[in-house]
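Have a look at the structure below, then the notes.
As the structure is a prediction and not an experimental result, all values here were calculated from the model.
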Amino acid sequence: MTKELLAYFCGDWIPIEQCKVSMDDRGLKLGDAVFEVERTFNFEPFDLDGHLDRLFRSLKVVRIDPGLSRNEIRDLSYEAVTRNKHLIDPGGDMNIRQVITRGRAASITDNVPPTVYIAAYPLNTNSYAHLYDEGAHVVFPRTRSYHPDSLDPKVKHTSRMNFVLAELESSDVDPHSWPVLLDLEGNISEGTGFNFWIVSDGVIRTAGDRALLQGISRNNIIKIAQELDIPVVQEEIQLYDAYNADEAFVSGTSNCILPVSKLDNRPLDGETPGPIVKRLLAAWSEKVGVDIVGQAQRLAGS
């Protein structure tokens with residue numbers, strides 16, 4: 001199927017496998033790039049406007065001109081779905097990805113066109129579908145998240161070597177674990193592409209957004225919790241708090257919400273998924289008209 005997928009690449013729609021960048025592209029050489037990833041429900045992009053707002057905030061901070069307006073990137077993202085959804089199996093959905101680099105420049109002052117890539121491809125749930133029942137194992141590695149005075153984590157950039165190191169350290173504990181980084185003060189910040197939450201005494205608690213990416217799924221969980229009259233607190237969270245939580249979960253674009261059953265090899269008390277996670281998943285599924293858990297497990301053949 002990959003050979004048949006089409007992607008927008010620097011002005012043209014071409015087979016996704018033909019989208020290639022130069023070794024001199026600053027996105028490849030220096031991580032001088034920003035990106036976004038969305039998913040669809042029934043082939044309708046979910047909160048695309050929220051993702052594009054964040055994309056353009058990131059572009060503004062790093063001073064990359066994409067050469068396209070927000071509306072043009074929005075239209076191209078929809079077009080990527082339209083051009084490729086006939087390739088998706090019945091009952092499936094898609095991810096959408098936008099990547100924008102500063103382009104093939106020798107110097108930061110060189111006036112060169114950016115590299116722009118927009119693609120839509122099948123949603124793959126194989127790595128996480130079973131975790132809706134079993135729960136994920138979260139490990140807190142030694143590597144810390146970027147301090148906002150160094151590289152602001154609110155920018156969705158591709159300079160992610162700290163995430164790579166965190167994944168290596170986490171894999172030393174459990175090859176299937178989910179790494180969640182601490183900040184320089186020892187507070188829990190974020191995972192390698194997802195946000196982390198705990199539940200204590202019926203209250204959902206998550207880190208504030210000073211030193212983490214302002215997750216789109218994170219924003220939607222806060223809204224859903226408010227609609228369900230479940231209190232949400234954004235505050236500093238230490239390992240002590242997490243180890244003693246009633247529930248824990250992670251949130252990300254593709255999986256939406258995944259329960260956590262272990263933290264650093266310490267099993268959490270209670271059932272998996274817990275009552276709060278069940279309510280959030282049910283409400284999100286109702287909101288988008290898709291059984292999130294059922295779809296993921298069906299696509300994964302579990």
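Taking the side chain to side chain donor-acceptor pair (under 3.5 Å) definition, one finds that Y78 meets it with E44, sequence neighbours left out. Scored by the salt bridge (Lys or Arg N to Asp or Glu O under 4.0 Å) test, E72 finds no partners at all (sequence neighbours excluded). Considering only residues two or more places apart in sequence or on other chains, K156 meets the side chain to side chain donor-acceptor pair (under 3.5 Å) condition with none of them. Qualifying side chain to side chain donor-acceptor pair (under 3.5 Å) partners for N220, counting only residues two or more places apart in sequence or in other chains: D47, K287.
Contacts classified as ring pair (Phe, Tyr, Trp, His ring centres under 6.0 Å) and involving residues 220-265 (residues at least two apart or in different chains) are given here: W197-F249. Identified under the ring pair (Phe, Tyr, Trp, His ring centres under 6.0 Å) test for residues 9-31, with sequence neighbours left out: Y8-W13.
If you take CZ on R26 and CG on D32, they are separated by 4.5 Å, rounding to the nearest 0.5 Å. Between the CD1 atom in I216 and the OG atom in S251 there is a gap of 11.0 Å [rounded to 0.5 Å]. Of the inter-residue distances, the one linking N187 atom CG with L239 atom CG reads 9.0 Å to the nearest 0.5 angstrom.
Around atom CG of N111, no more than 12 heavy atoms belonging to other residues, nucleotides or ligands sit under 6.0 Å away. Remark: R104 CZ is loosely packed, at most 12 non-hydrogen atoms of other residues, nucleotides or ligands lying under 6.0 Å away. Annotation for E134: atom CD counts as buried by contact number, over 12 foreign heavy atoms lying within 6.0 Å. No more than 12 heavy-atom neighbours from other residues, nucleotides or ligands sit within 6.0 angstrom of CD on E236.
In terms of heavy-atom proximity, E190 sits nearest to P153 at OE2-CB, 3.9 Å.
Following chains of ILVMFWY side-chain contacts shorter than 4.5 Å, one cannot reach L263 starting from V173, and the two form parts of different hydrophobic clusters. Linking Ile, Leu, Val, Met, Phe, Trp and Tyr residues whenever their side-chain heavy atoms come within less than 4.5 Å leaves V164 and L30 in two separate clusters.
The closest donor-acceptor contact from the side chain of R39 to the backbone of I96 lies at 3.5 Å or more, if one exists at all. Not one N or O on the side chain of E38 forms a donor-acceptor pair closer than 3.5 Å with the backbone of L48. Between the N84 side chain and the A80 main chain, a donor and an acceptor come within less than 3.5 Å of each other. In this structure a side-chain-to-backbone donor-acceptor pair under 3.5 Å is missing from R63 to K60. Checked by atom type and distance alone, the side chain of Q98 never pairs as donor or acceptor with a backbone atom of Y117 at under 3.5 Å. Checked by atom type and distance alone, the side chain of E247 pairs as donor or acceptor with a backbone atom of I276 at under 3.5 Å.
Partner of V62 under the side chain to side chain contact (heavy atoms under 4.5 Å, CB included) criterion, chosen from I100, V34, D152: V34.
Note: W178 and F140 fail the aromatic proximity criterion, with ring centroids not under 6.0 Å apart.
Counting heavy atoms from C-beta outward, F163 and L181 have side chains that approach closer than 4.5 Å. Residues R74 and H51 are not in side-chain contact: their nearest non-hydrogen atoms beyond the backbone lie 4.5 Å or more apart.
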